[in-house]
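Throughout, protein chains are lettered first and strands after them, A, B, ... in sequence-line order, and every chain is numbered starting at 1.
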Amino acid sequence: MTDTPILHVDMDAFYASVALRERPDLVDQPVVVGGGGGRGVVLAANYVARRYGVRSALPMTRVRRMCPHVVVIEPDYATFTSVSSSVMETFREVTPVVEAMSLDEAFLDVRGSTRRLGPPARIAERLRSTIHDEQGITCSVGVAASVSVAKLASRRAKPDGVIVVPPAEVTSFLHPLDVGELYGVGEKTQALLHRFGLLTVGDVAHTPLRTLQRAVGDHLGRELQHLAWGTDRSELTPRAGPHEPERSMGADETFTRDTDDREVIVRELLRLSARVAGRMRSADVAGRTVTLKVRFADFTTITRSRTLPEATDVTVEIHRAVTRLYDALGLQRARLRLVGVRVEGLVPRATVHRQLVLGESEHGWADADRAVDRATRRFGTAAVRPASLV
DNA sequence: TCTGGGGTCCTAGGACCC
DNA sequence: TCTGGGGTCCTAGGACCC
């Protein structure tokens, strides 16, 4: 038995590390993976680039100013996904209790593995060397009794290290940290807590629950108190992939240039509706609530949603719903930066029984979609498009 | 030439029902 | 006639995570 059964394994600069396997000549140069053109942001930066202050989510325009000789590599998701699958397989050779958080990180519960493989720290090193040998990338591992402490430990261990935080050391590890380090505390909540004079995790730990809840709300207040004492969950939910099954599916796209042209916008909504509906059909789900997202040139963002009488996975129906929502906004000359389409309330398609309204005949759009799906599978996405997109 | 795209969860108010 | 909870659904926004 072990008192630190939770491992958090996190690949170091995952996308950048994978990209650099193909370009070993670049390892000593600042490299970022991300959309190079126009309005992209950094997906991952290697550690050389980080010395210039380059971080994930930074606009590429700023990156080029900070580090003019940076090398920008376009993301190759197919490769990222396949490396991720192999890494997750490696995890499962250690324990069946793996909770994947994303392509590049997962929690492992090794309670059942210590008899066979030794203490958690040894398991962590074994994982690290296997992944390094098989995939040519490094990772860091945090080991603790609970999920959030393990996660903070892996961050501290980066890059290419392991940190074990035994129960007796949890508070001395956690309490000096800034509140912003806690999971669920982002920029806004950090600023709020700082304004209340709560700077460190220790400050939060020693604040009465009621006070905390008045500041950040009932739910988050309680959550923070647990995080601050390391008494968050230690049970994992084994999951094969990052999200499974999904509660919503959506797609959005930033225009290369802001636009107020209804025709351009409605056509983009069709493209996005087709993308979302297609993914819903391949996942065998349908959904009732359709949401339009609009981001204006000044970056303010609004959403408008509509719940349909019946769940759908039909491109034309989703497109019709978001187009109505868009028209109902009554925009005049407002320039849009981004539009998005999302369908929520997903249920297995098999549970959806369409009731045809009396007097309304089946339009055949669902059949048309399935024909498109078949053609797409045979000839690729470029082969079949709605007429207005050709 | 600032600020992507995929998600999840929480809050809060109003409608509606019991 | 006045006063009430509780629960669920819908909508909009916001914060957060990777």
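- Residue-level contact check: A/Gly35 touches neither bases nor backbone, having no heavy atom under 4.0 Å from any strand.
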Working for salt bridge (Lys or Arg N to Asp or Glu O under 4.0 Å), residues A/Asp313 and A/Arg370: CA-CA 10 Å; A/Asp313 62 3; A/Arg370 297 197 199 293; 3.2 Å; yes
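- The glycosidic torsion of B/dC2 lies within 90° of 0, placing the base in the syn range.
- Between the side chains of A/Gln225 and A/Arg222, no donor N or O sits under 3.5 Å from an acceptor N or O.
- Within the 4.5 Å cutoff, side-chain heavy atoms of A/Gln135 are placed close to those of A/Ser86.
- Remark on DNA chain B: of its neighbouring residues A/Gly250 and A/Thr61, the 5'-side contact belongs to A/Thr61, judged by nearest-heavy-atom nucleotide.
- Checked by atom type and distance alone, the side chain of A/Asp76 never pairs as donor or acceptor with a backbone atom of A/Ala19 at under 3.5 Å.
- Note on A/Thr307: only backbone sugar-phosphate atoms sit closer than 4.0 angstrom, heavy atoms only; bases stay farther off.
- Residues A/Asp10 and A/Ser154 bring no donor and acceptor atom of their side chains to less than 3.5 Å of each other.
- A/Leu43 comes within 4.0 angstrom of a base, heavy atoms only.
- Protein chain A contacts DNA chain C over a range whose 5' and 3' limits, counting nucleotides with an atom under 4.0 angstrom from a non-hydrogen atom, are C/dC10 to C/dC18.
- Note on A/Leu220: nothing from the nucleic acid sits closer than 4.0 angstrom, heavy atoms only.
- Among the heavy atoms of the strands lying under 4.0 Å from A/Ala251 are primed sugar atoms or P, OP1, OP2 only; no base atom is included.
- Residue-level contact check: A/Arg288 touches the backbone only, with heavy atoms under 4.0 Å from sugar-phosphate atoms and none from bases.
- Heavy atoms of A/Met60 sit nowhere under 4.0 angstrom from any nucleic acid atom.
- If you check every strand for non-hydrogen atoms under 4.0 Å, A/Thr189 touches sugar and phosphate atoms only.
- The same atom, C1', is picked in C/dG4 and in B/dC17; the two are 14 Å apart, to the nearest Å.
- Note on A/Lys293: nothing from the nucleic acid sits closer than 4.0 angstrom, heavy atoms only.
- At the heavy-atom level, A/Arg64 lies nowhere under 4.0 Å from the strands shown.
- Figure legend: cation-pi geometry between A/Arg257 and A/Phe255 absent, as NZ or CZ is not positioned both under 6.0 Å from the six-membered ring centre and within 45° of its axis.
- Residue A/Gly34 is classed as having no contact, given no heavy-atom separation below 4.0 Å to the nucleic acid.
- Between A/His219 and A/Leu272, the residue anchored closer to the 5' end of DNA chain B is A/Leu272, taking for each the nucleotide with the nearest heavy atom.
- Residue-level contact check: A/Val185 touches the backbone only, with heavy atoms under 4.0 Å from sugar-phosphate atoms and none from bases.
- Using a 4.5 Å heavy-atom cutoff, the side chains of A/Asp160 and A/Arg128 are in contact.
- Aromatic rings of A/Tyr326 and A/His319 (six-membered ring for Trp) have centroids beyond the 6.0 Å cut-off, not under it.
- Figure legend. B/dC18 is base-paired to C/dG5; pairs are counted as Watson-Crick or G-U wobble with both atom distances under 3.5 Å.
- Within 4.0 Å of A/Leu325, counting heavy atoms only, lies no atom of the nucleic acid at all.
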